[in-house]
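Worth knowing before you read on, the calculation uses all heavy atoms, side chains too, and leaves out hydrogens, waters and symmetry mates. Numbering of ligands and ligand atoms starts at 1, following listing order.
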Amino acid sequence: MRTVRISGRVDLHVHSRVSDGTGSPADLVREAHAAGLAMFALTDHDTTAGWAEARREAERTGLGLIPGIELSTRLGWRSVHVLGYLVDPLDPGLVAETERIRAARRSRARRIVDRIGEDYPLSWDDVLAQTTAGSTVGRPHIADALVALGLEADRSAAFAGILHPRTGYVEPHYAPTPVDGVRLIVGAGGVPVVAHPGAAGRDRVLPEPVVAELVDAGLFGFELHHRENTPDGARRVAELIERFGLEATGSSDYHGTGKPNRLGEHVTDPAVIERLLARGTGTTPVLPRAAAS
Ligand code: AMP
Ligand code: ZN
Ligand code: FE
Ligand code: FE
């Protein structure tokens, strides 16, 4: 088992333009230095394609990096994001499932764009122009296309406007259940944490029997400190953490200029990071240059 001592600030949830952030993986390493972080986790939606670039830049500059992923899962109508740290990026089960999710996201985005295109001058090419090759396509890229066309002021306005579910243009995409997501991550040697679990308020935090199932499947923790958790949602999450003996993490969910979240606005206790690093076996982290093994 790997034992390391971590000191300094660690942000466990960061997106690059390999999914729907706006910076490159190497940009994020530089921004993390500037923000005074010791380490961060790169957690793009349903892809590990940004890892190699982030790893090179982290090793070159002495910043710590935890390779991760934010897996899209769904429980009925409810979207549940599961962060997976230190997964094996070549694990066949994880590779097959993330390819399936990314393909479903793409065809879903095309259908959304077709519907919007009936009412606004938006084409699929406009959306593709906002993505990088092979990236995980989502509503943020459609938002960027709407902004480029002058139809919305910025991403947040697009999410509150044309891309809001109430307008009828959007639809969900295929995703595995949360318990299958946790099993996939654990099967790939990774460490699963439910992202922003209190974002929809106390009444929509995962029901206790579901949490029990996730814990049985190897859940490590809940992202307790996240700007989208509501105060009563976070209180409920804290109760579940206590009841099931789970870990509490904190992170920014930074998306570059695409969202107001600032890098390092929430961080995770170094002792939790040490236990997370001890648990993950699918890939190796880059330790901050100051940390001793
Ligand atoms: P999708 O997964 O395609 O339904 O899109 C939802 C994703 O958009 C979430 O993962 C959010 O993190 C992301 N997102 C990026 N920017 C924004 C924003 N300004 N407002 C809301 N969601 C955003
Ligand atoms: Zn996102
Ligand atoms: Fe998320
Ligand atoms: Fe995220």
When you measure from the side chain of Glu223 to the backbone of His196, do you find a donor-acceptor pair of N or O atoms at a distance under 3.5 Å? yes

Under 3.5 Å, is there a donor-acceptor pair between the Asp232 and Thr230 side chains? yes

Which residue and heavy atom of the protein sit nearest atom 10 (O) of ligand 1, plus the separation: His45 CE1, 3.1 Å

Have a look at Asp253 and say which of its N, O or S atoms is nearest the Fe ion (ligand 4). OD1

Separation between CG of Asp46 and CD1 of Ile69, rounded to the nearest 0.5 Å: 6.0 Å

Short check: any N/O/S atom of His255 below 2.8 Å from the Zn ion (ligand 2)? yes

When you measure from the Fe ion (ligand 4) to the N, O or S atoms of His13, does any of those distances fall below 2.8 Å? yes

Is any N or O atom of Pro260, backbone or side chain, closer than 3.5 Å to an N or O atom of ligand 1? no

What I want to know is whether Asp253 and ligand 1 share at least one N or O pair that is separated by under 3.5 angstrom. no

I'd like to check which ligand 1 atoms, numbered from 1 as shown, lie under 4.0 Å from a non-hydrogen atom of Gly138. 3 (O)

Short side-chain donor-acceptor distance under 3.5 Å, Asn261 and His255: no

Shortest protein heavy-atom distance from atom 6 (C) of ligand 1, along with the residue and atom involved: Arg139 NH2, 3.8 Å

Atom name of the N, O or S atom of Asp20 nearest to the Zn ion (ligand 2) is OD2

Determine whether a donor-acceptor pair (N or O, by modelled atom type, separation under 3.5 Å) exists between the side chain of Ser72 and the backbone of Ile101. no

Donor + acceptor pair across side chains of Tyr174, Glu97 (<3.5 Å): yes

Aromatic ring centroids of His266 and His226 under 6.0 Å? no

Just which atoms of ligand 1 are under 4.0 Å from any heavy atom in Pro140? 5 (O), 8 (O), 13 (C), 14 (N), 15 (C)

Counting N and O atoms only, with roles assigned by atom type, does the side chain of Arg9 sit under 3.5 Å from a partner on the main chain of Gly264, one being a donor and the other an acceptor? yes

Which residue supplies the protein heavy atom nearest to atom 19 (N) of ligand 1, what is that atom called, and how far is it? Ser156 OG, 3.0 Å

Under 4.0 Å from a heavy atom of His81: which atoms of ligand 1 are those, numbered in the order shown and with their elements? 10 (O)

Verify the distance criterion only: is there a donor paired with an acceptor across the side chains of Asp44 and Ser16 at less than 3.5 Å? yes

Atoms of ligand 1, numbered as shown, that sit under 4.0 Å from any heavy atom of Asp20: 7 (C), 8 (O), 13 (C)

Do you know which N/O/S atom name in His15 is closest to the Fe ion (ligand 4)? NE2

Looking at Glu70, pick out the N, O or S atom nearest to the Fe ion (ligand 4) and give its name. OE1

Any ion pair linking Glu31 and Arg262 (charged N to carboxylate O, less than 4.0 Å)? no

Is there a donor-acceptor contact under 3.5 Å linking the side chains of His15 and Asp253? yes

Closest protein heavy atom to atom 11 (C) of ligand 1, given as residue, atom name and distance to 0.1 Å: Lys259 NZ, 3.6 Å

Please confirm whether Arg108 comes under 4.0 Å of ligand 1, counting heavy atoms of the residue only. yes

Answer yes or no for Arg105: is there a heavy-atom contact with ligand 1 below 4.0 Å? yes

Ligand 1 to Arg155, heavy atom cutoff 4.0 Å, flagged ligand atoms 15 (C), 16 (N), 19 (N)

If you measure only the distance, is there a donor-acceptor pair under 3.5 Å linking the side chains of Thr22 and Arg155? no

